[in-house]
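Some notes on the structure that comes next.
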Number of protein chains: 2
Amino acid sequence: MNTTRTYTIRQLTKEFSVTARTLRFYEDEGLIAPERRGQTRIYSGRDRARIILILRGRRVGFSLAEIREILDLYGVHDGGVTQLVHSRKKFAERIDTLERQKVDIDESLKELRKGIADIDGKLAPQQQAHAAE
Amino acid sequence: MNTTRTYTIRQLTKEFSVTARTLRFYEDEGLIAPERRGQTRIYSGRDRARIILILRGRRVGFSLAEIREILDLYGVHDGGVTQLVHSRKKFAERIDTLERQKVDIDESLKELRKGIADIDGKLAPQQQAHAAE
DNA sequence: TCGGCTCTTGACGTTGACGTAAAGGGAAGA
DNA sequence: TCTTCCCTTTACGTCAACGTCAAGAGCCGA
(Lines give C-alpha, C1' and ligand atoms only; values in the text may rest on other atoms or scores of the structure.)
Protein backbone atom coordinates (compact mmCIF):
# COMPACT_ATOMS: atom_id res chain seq x y z
CA MET A 1 0.00 0.00 0.00
CA ASN A 2 0.94 3.62 0.02
CA THR A 3 2.38 3.57 3.52
CA THR A 4 5.18 5.54 1.91
CA ARG A 5 2.99 8.59 1.33
CA THR A 6 4.37 11.64 3.10
CA TYR A 7 3.13 15.14 3.82
CA THR A 8 4.57 18.58 4.34
CA ILE A 9 3.54 20.69 7.25
CA ARG A 10 1.69 23.02 4.92
CA GLN A 11 -0.41 20.23 3.47
CA LEU A 12 -1.50 19.09 6.89
CA THR A 13 -2.33 22.57 8.12
CA LYS A 14 -4.65 22.96 5.18
CA GLU A 15 -6.20 19.53 5.48
CA PHE A 16 -6.97 19.93 9.17
CA SER A 17 -7.35 23.70 9.44
CA VAL A 18 -4.66 24.08 12.05
CA THR A 19 -1.60 26.32 12.05
CA ALA A 20 1.97 25.14 11.64
CA ARG A 21 2.58 26.48 15.10
CA THR A 22 0.06 24.02 16.44
CA LEU A 23 1.71 21.02 14.77
CA ARG A 24 5.14 22.10 15.98
CA PHE A 25 3.72 22.57 19.42
CA TYR A 26 2.31 19.03 19.41
CA GLU A 27 5.76 17.84 18.42
CA ASP A 28 7.38 19.75 21.26
CA GLU A 29 4.88 18.12 23.59
CA GLY A 30 5.84 14.69 22.32
CA LEU A 31 2.56 13.87 20.60
CA ILE A 32 4.06 13.38 17.17
CA ALA A 33 7.59 12.86 15.90
CA PRO A 34 7.88 13.48 12.15
CA GLU A 35 11.15 12.77 10.41
CA ARG A 36 13.38 15.43 8.91
CA ARG A 37 14.76 16.02 5.48
CA GLY A 38 17.54 18.32 6.53
CA GLN A 39 15.71 20.78 8.72
CA THR A 40 12.32 20.30 7.20
CA ARG A 41 9.66 18.09 8.77
CA ILE A 42 8.32 15.17 6.78
CA TYR A 43 5.09 13.70 8.09
CA SER A 44 4.27 10.04 7.48
CA GLY A 45 0.84 8.46 7.23
CA ARG A 46 1.29 7.32 10.79
CA ASP A 47 1.97 10.89 11.89
CA ARG A 48 -1.13 11.99 10.06
CA ALA A 49 -3.22 9.32 11.77
CA ARG A 50 -1.98 10.49 15.14
CA ILE A 51 -2.89 14.05 14.28
CA ILE A 52 -6.42 12.93 13.48
CA LEU A 53 -6.63 11.28 16.89
CA ILE A 54 -5.19 14.34 18.60
CA LEU A 55 -7.66 16.72 17.00
CA ARG A 56 -10.60 14.49 17.74
CA GLY A 57 -9.45 14.08 21.31
CA ARG A 58 -9.25 17.82 21.56
CA ARG A 59 -12.78 18.24 20.21
CA VAL A 60 -14.19 15.88 22.81
CA GLY A 61 -12.49 17.84 25.56
CA PHE A 62 -9.34 15.91 26.37
CA SER A 63 -6.28 17.89 27.36
CA LEU A 64 -3.09 17.36 25.42
CA ALA A 65 -1.66 15.56 28.43
CA GLU A 66 -4.55 13.12 28.41
CA ILE A 67 -4.26 12.64 24.68
CA ARG A 68 -0.57 11.93 24.98
CA GLU A 69 -1.30 9.35 27.63
CA ILE A 70 -3.83 7.63 25.40
CA LEU A 71 -1.47 7.69 22.43
CA ASP A 72 1.23 6.18 24.61
CA LEU A 73 -1.12 3.38 25.60
CA TYR A 74 -1.45 2.32 21.98
CA GLY A 75 2.30 1.89 21.83
CA VAL A 76 2.75 -0.20 24.96
CA HIS A 77 1.17 -3.35 23.60
CA ASP A 78 4.34 -5.16 24.52
CA GLY A 79 5.57 -5.07 28.11
CA GLY A 80 4.44 -7.37 30.90
CA VAL A 81 1.01 -8.36 32.06
CA THR A 82 1.09 -5.66 34.73
CA GLN A 83 1.58 -3.05 32.05
CA LEU A 84 -1.24 -4.45 29.98
CA VAL A 85 -3.64 -4.52 32.91
CA HIS A 86 -2.70 -0.97 33.74
CA SER A 87 -3.29 0.16 30.18
CA ARG A 88 -6.62 -1.60 30.11
CA LYS A 89 -7.67 0.28 33.21
CA LYS A 90 -6.67 3.59 31.67
CA PHE A 91 -8.64 2.82 28.54
CA ALA A 92 -11.66 1.91 30.65
CA GLU A 93 -11.40 5.20 32.52
CA ARG A 94 -11.47 7.19 29.30
CA ILE A 95 -14.45 5.21 28.10
CA ASP A 96 -16.29 6.01 31.32
CA THR A 97 -15.69 9.74 31.07
CA LEU A 98 -16.83 9.78 27.47
CA GLU A 99 -20.01 7.93 28.31
CA ARG A 100 -20.74 10.32 31.15
CA GLN A 101 -20.13 13.11 28.69
CA LYS A 102 -22.68 11.67 26.30
CA VAL A 103 -25.24 11.82 29.07
CA ASP A 104 -24.38 15.47 29.69
CA ILE A 105 -24.70 16.19 26.01
CA ASP A 106 -28.08 14.52 25.84
CA GLU A 107 -29.24 16.58 28.81
CA SER A 108 -28.00 19.73 27.16
CA LEU A 109 -29.68 18.79 23.91
CA LYS A 110 -32.94 18.33 25.76
CA GLU A 111 -32.65 21.80 27.27
CA LEU A 112 -31.73 23.41 23.99
CA ARG A 113 -34.58 21.70 22.16
CA LYS A 114 -36.95 22.88 24.85
CA GLY A 115 -35.62 26.37 24.21
CA ILE A 116 -36.41 26.02 20.54
CA ALA A 117 -39.87 24.63 21.25
CA ASP A 118 -40.60 27.58 23.55
CA ILE A 119 -39.55 30.01 20.87
CA ASP A 120 -41.59 28.24 18.24
CA GLY A 121 -44.56 28.43 20.55
CA LYS A 122 -44.23 32.21 20.86
CA LEU A 123 -43.31 32.56 17.23
CA ALA A 124 -46.46 30.96 15.83
CA PRO A 125 -49.39 31.62 18.17
CA GLN A 126 -52.12 31.28 15.54
CA GLN A 127 -50.58 30.07 12.30
CA GLN A 128 -49.47 26.54 11.80
CA ALA A 129 -47.29 26.12 8.72
CA HIS A 130 -43.85 27.15 9.99
CA ALA A 131 -41.95 24.21 11.37
CA ALA A 132 -38.83 23.24 9.43
CA GLU A 133 -35.83 25.17 8.21
CA MET B 1 -43.67 25.53 46.21
CA ASN B 2 -40.34 26.06 47.88
CA THR B 3 -39.19 28.73 45.46
CA THR B 4 -38.14 30.54 48.62
CA ARG B 5 -35.39 28.07 49.42
CA THR B 6 -32.01 29.78 49.52
CA TYR B 7 -28.40 28.63 49.73
CA THR B 8 -25.12 29.93 51.05
CA ILE B 9 -22.03 29.88 48.94
CA ARG B 10 -20.57 27.14 51.12
CA GLN B 11 -23.56 24.87 50.61
CA LEU B 12 -23.28 25.18 46.86
CA THR B 13 -19.54 24.62 46.78
CA LYS B 14 -20.10 21.36 48.63
CA GLU B 15 -23.06 20.28 46.55
CA PHE B 16 -21.28 20.85 43.25
CA SER B 17 -17.65 20.35 44.27
CA VAL B 18 -16.52 23.75 43.12
CA THR B 19 -14.68 26.44 45.04
CA ALA B 20 -16.19 29.69 46.26
CA ARG B 21 -13.71 31.42 44.00
CA THR B 22 -15.33 29.74 41.03
CA LEU B 23 -18.84 30.87 41.96
CA ARG B 24 -17.64 34.42 42.56
CA PHE B 25 -15.84 34.30 39.26
CA TYR B 26 -19.02 33.24 37.48
CA GLU B 27 -20.75 36.16 39.11
CA ASP B 28 -18.05 38.58 37.96
CA GLU B 29 -18.54 37.20 34.47
CA GLY B 30 -22.26 37.86 34.65
CA LEU B 31 -23.40 34.24 34.64
CA ILE B 32 -25.23 34.45 37.96
CA ALA B 33 -26.44 37.31 40.13
CA PRO B 34 -27.26 36.18 43.68
CA GLU B 35 -28.79 38.64 46.10
CA ARG B 36 -27.04 39.99 49.15
CA ARG B 37 -27.85 39.98 52.81
CA GLY B 38 -25.52 42.77 53.75
CA GLN B 39 -22.29 41.71 52.15
CA THR B 40 -23.05 38.04 52.02
CA ARG B 41 -24.34 36.29 48.92
CA ILE B 42 -27.69 34.54 49.07
CA TYR B 43 -28.33 32.11 46.24
CA SER B 44 -31.89 31.38 45.13
CA GLY B 45 -33.21 28.21 43.55
CA ARG B 46 -33.00 29.97 40.23
CA ASP B 47 -29.33 30.77 40.83
CA ARG B 48 -28.75 27.15 41.70
CA ALA B 49 -30.45 26.00 38.50
CA ARG B 50 -28.23 28.30 36.48
CA ILE B 51 -25.17 26.89 38.20
CA ILE B 52 -26.24 23.41 37.20
CA LEU B 53 -26.52 24.55 33.60
CA ILE B 54 -23.16 26.29 33.75
CA LEU B 55 -21.35 23.26 35.12
CA ARG B 56 -22.94 20.95 32.62
CA GLY B 57 -22.10 23.34 29.81
CA ARG B 58 -18.54 23.34 31.03
CA ARG B 59 -18.41 19.55 31.06
CA VAL B 60 -19.54 19.34 27.46
CA GLY B 61 -16.84 21.78 26.43
CA PHE B 62 -18.56 25.14 26.14
CA SER B 63 -16.57 28.19 27.11
CA LEU B 64 -18.01 30.49 29.74
CA ALA B 65 -18.68 33.05 27.03
CA GLU B 66 -20.75 30.52 25.12
CA ILE B 67 -22.57 29.47 28.25
CA ARG B 68 -23.40 33.06 29.07
CA GLU B 69 -24.79 33.50 25.58
CA ILE B 70 -27.01 30.46 25.98
CA LEU B 71 -28.22 31.57 29.40
CA ASP B 72 -29.03 34.97 27.94
CA LEU B 73 -31.11 33.32 25.25
CA TYR B 74 -33.40 31.78 27.86
CA GLY B 75 -34.12 35.26 29.18
CA VAL B 76 -35.00 36.92 25.89
CA HIS B 77 -38.32 35.14 25.42
CA ASP B 78 -39.89 38.55 25.08
CA GLY B 79 -38.64 40.98 22.46
CA GLY B 80 -39.68 41.08 18.82
CA VAL B 81 -39.91 38.38 16.23
CA THR B 82 -36.46 39.25 14.93
CA GLN B 83 -35.01 38.57 18.35
CA LEU B 84 -36.85 35.28 18.63
CA VAL B 85 -35.69 34.14 15.22
CA HIS B 86 -32.14 35.08 16.11
CA SER B 87 -32.32 33.16 19.38
CA ARG B 88 -33.76 30.17 17.59
CA LYS B 89 -30.81 30.19 15.22
CA LYS B 90 -28.35 30.34 18.10
CA PHE B 91 -30.04 27.43 19.81
CA ALA B 92 -29.92 25.46 16.58
CA GLU B 93 -26.19 26.17 16.24
CA ARG B 94 -25.48 24.81 19.70
CA ILE B 95 -27.54 21.74 18.95
CA ASP B 96 -25.50 21.15 15.80
CA THR B 97 -22.16 21.39 17.56
CA LEU B 98 -23.32 19.01 20.27
CA GLU B 99 -24.49 16.48 17.74
CA ARG B 100 -21.22 16.68 15.89
CA GLN B 101 -19.53 16.18 19.23
CA LYS B 102 -21.53 13.04 19.86
CA VAL B 103 -20.19 11.65 16.61
CA ASP B 104 -16.65 12.45 17.72
CA ILE B 105 -17.27 10.78 21.04
CA ASP B 106 -18.62 7.67 19.36
CA GLU B 107 -15.55 7.53 17.13
CA SER B 108 -13.31 7.88 20.16
CA LEU B 109 -15.23 5.21 22.00
CA LYS B 110 -14.74 2.87 19.08
CA GLU B 111 -10.99 3.46 19.14
CA LEU B 112 -10.76 3.02 22.87
CA ARG B 113 -12.79 -0.18 22.80
CA LYS B 114 -10.54 -1.48 20.07
CA GLY B 115 -7.63 -0.72 22.38
CA ILE B 116 -9.22 -2.75 25.12
CA ALA B 117 -9.98 -5.62 22.77
CA ASP B 118 -6.35 -5.66 21.60
CA ILE B 119 -5.14 -5.80 25.16
CA ASP B 120 -7.59 -8.53 26.05
CA GLY B 121 -6.34 -10.47 23.08
CA LYS B 122 -2.74 -10.31 24.30
CA LEU B 123 -3.78 -10.76 27.88
CA ALA B 124 -5.54 -14.10 27.41
CA PRO B 125 -3.91 -16.01 24.57
CA GLN B 126 -4.95 -19.47 25.80
CA GLN B 127 -7.20 -19.10 28.82
CA GLN B 128 -10.76 -17.97 28.59
CA ALA B 129 -12.23 -17.03 31.95
CA HIS B 130 -11.02 -13.45 32.45
CA ALA B 131 -13.42 -10.94 30.99
CA ALA B 132 -15.15 -8.70 33.51
CA GLU B 133 -13.87 -6.44 36.27
C1' DT C 1 -14.18 40.06 75.18
C1' DC C 2 -11.86 36.94 72.50
C1' DG C 3 -10.74 33.37 69.32
C1' DG C 4 -12.40 31.07 65.51
C1' DC C 5 -15.22 30.54 61.61
C1' DT C 6 -17.14 32.09 57.28
C1' DC C 7 -17.87 35.76 54.55
C1' DT C 8 -16.09 39.71 51.66
C1' DT C 9 -13.08 42.40 48.07
C1' DG C 10 -8.90 43.25 45.72
C1' DA C 11 -4.99 41.84 43.23
C1' DC C 12 -1.26 39.18 41.59
C1' DG C 13 0.04 34.19 40.07
C1' DT C 14 -0.55 29.98 37.25
C1' DT C 15 -1.51 26.63 33.63
C1' DG C 16 -2.69 25.09 29.01
C1' DA C 17 -2.69 25.89 24.33
C1' DC C 18 -1.30 28.14 21.43
C1' DG C 19 -0.25 33.39 18.78
C1' DT C 20 3.11 36.32 17.07
C1' DA C 21 7.21 38.66 15.99
C1' DA C 22 12.29 38.29 15.04
C1' DA C 23 16.04 36.38 12.56
C1' DG C 24 17.79 33.26 9.51
C1' DG C 25 18.40 29.12 5.79
C1' DG C 26 17.45 26.89 1.28
C1' DA C 27 15.34 26.32 -3.22
C1' DA C 28 12.94 28.10 -7.27
C1' DG C 29 11.53 31.26 -10.71
C1' DA C 30 12.19 36.00 -13.19
C1' DT D 1 21.66 37.41 -8.82
C1' DC D 2 17.63 38.94 -6.63
C1' DT D 3 13.25 38.32 -4.88
C1' DT D 4 9.87 35.37 -3.11
C1' DC D 5 8.26 31.53 -0.63
C1' DC D 6 8.26 28.15 2.68
C1' DC D 7 10.80 26.25 6.09
C1' DT D 8 13.23 26.62 10.65
C1' DT D 9 14.30 28.01 15.86
C1' DT D 10 13.89 31.11 19.78
C1' DA D 11 11.32 33.61 22.68
C1' DC D 12 8.10 36.64 24.55
C1' DG D 13 2.82 37.55 24.53
C1' DT D 14 -2.04 36.27 25.28
C1' DC D 15 -6.47 34.49 26.83
C1' DA D 16 -9.47 31.71 29.69
C1' DA D 17 -10.46 29.94 34.00
C1' DC D 18 -9.57 29.93 37.85
C1' DG D 19 -5.76 29.56 42.31
C1' DT D 20 -3.73 31.91 45.98
C1' DC D 21 -2.55 35.12 49.18
C1' DA D 22 -3.66 39.48 51.88
C1' DA D 23 -6.50 42.27 54.65
C1' DG D 24 -10.60 43.10 56.70
C1' DA D 25 -15.84 42.61 58.48
C1' DG D 26 -19.52 40.10 60.92
C1' DC D 27 -21.18 36.71 64.04
C1' DC D 28 -21.21 32.98 67.58
C1' DG D 29 -20.13 30.21 71.50
C1' DA D 30 -16.97 30.03 75.74
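Lettering follows sequence order; numbering is per chain, from 1.
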**Item:** Proximity to the side chain of B/Arg10 - top-ranked nucleotide from C/dT6, D/dT8, D/dG19
**Value:** C/dT6
**Prompt:** Looking at C/dC18, C/dC7, D/dT8, which one has an atom nearest to any side-chain atom of A/Tyr26?
**Reply:** C/dC18
**Prompt:** Could A/Glu107 and A/Arg113 be called an ion pair, given the rule that one side-chain N must be under 4.0 Å from one carboxylate O?
**Reply:** no
**Prompt:** How is A/Arg21 classified with respect to the nucleic acid when contacts are heavy atoms under 4.0 Å: base, sugar-phosphate, or nothing?
**Reply:** base
**Item:** From CD1 (A/Ile51) to CZ (A/Arg56), nearest 0.5 Å
**Value:** 13.5 Å
**Message:** So if I take every side-chain heavy atom of A/Leu64 and compare against C/dC18, D/dC18, C/dT8, which nucleotide ends up nearest?
**Reply:** C/dC18
**Asked** In whole angstrom, what separates B/Phe25's CZ from D/dT20's P?
**Response** 15 Å
**Message:** Heavy atoms only, 4.0 Å cut-off, all strands: where does A/Arg24 land among base, sugar-phosphate and nothing?
**Reply:** base
**Request:** Select one nucleotide: of D/dC7, D/dT8, C/dT8, the one nearest the side-chain heavy atoms of B/Arg36.
**Result:** C/dT8
**Asked** Between B/Arg41 and C/dT9, is there a side-chain N or O to OP1/OP2 distance below 4.0 Å?
**Response** yes
**Interatomic distance, B/Glu27 CD vs D/dC18 C1' [rounded to whole Å]** = 15 Å
**Request:** Please figure out whether B/Gln39 or B/Phe62 has its closest DNA chain D nucleotide nearer the 5' end.
**Result:** B/Phe62
**Prompt:** Can you check the A/Ile67 CD1 to C/dG16 P distance for me, whole Å?
**Reply:** 14 Å
**Request:** First locate atom CG of A/Leu112, then atom CD1 of B/Ile70, and finally report the distance between them rounded to the nearest 0.5 Å.
**Result:** 5.5 Å
**Request:** Kindly point out which of D/dT8, C/dG19, D/dC18 is positioned nearest to the side chain of B/Thr22?
**Result:** D/dC18
**Item:** side-chain N/O B/Arg68 vs D/dA16 OP1/OP2, d < 4.0 Å
**Value:** no
**Request:** Mind calculating the distance between CZ (A/Arg59) and P (C/dA17) to the nearest angstrom?
**Result:** 16 Å
**Asked** Rounded to the nearest Å, what distance is computed from the CG atom of residue A/Leu23 to the P atom of nucleotide D/dC7?
**Response** 11 Å
**Asked** Under 3.5 Å, is there a donor-acceptor pair between the side chain of B/Ser87 and the main chain of B/Gln83?
**Response** yes
**Message:** Testing B/Arg68, B/Arg58, B/Arg50 one by one against B/Tyr26 for a side-chain hydrogen bond (donor to acceptor under 3.5 Å, both in side chains), which residue passes?
**Reply:** B/Arg58
**Integer-rounded Å distance: C/dC5 C1' and B/Lys14 NZ** = 11 Å
**Prompt:** B/Ile54 CD1 to D/dA17 C1': how many Å, rounded?
**Reply:** 13 Å
**Separation of D/dT8 P from A/Asp28 CG (nearest whole Å)** = 12 Å
**Prompt:** Of B/Thr40 and A/Thr19, whose closest DNA chain C nucleotide lies nearer the 5' terminus?
**Reply:** B/Thr40
**Message:** So, does B/Arg58 get its side chain near the phosphate of D/dC18, meaning an N or O under 4.0 Å from OP1 or OP2?
**Reply:** yes
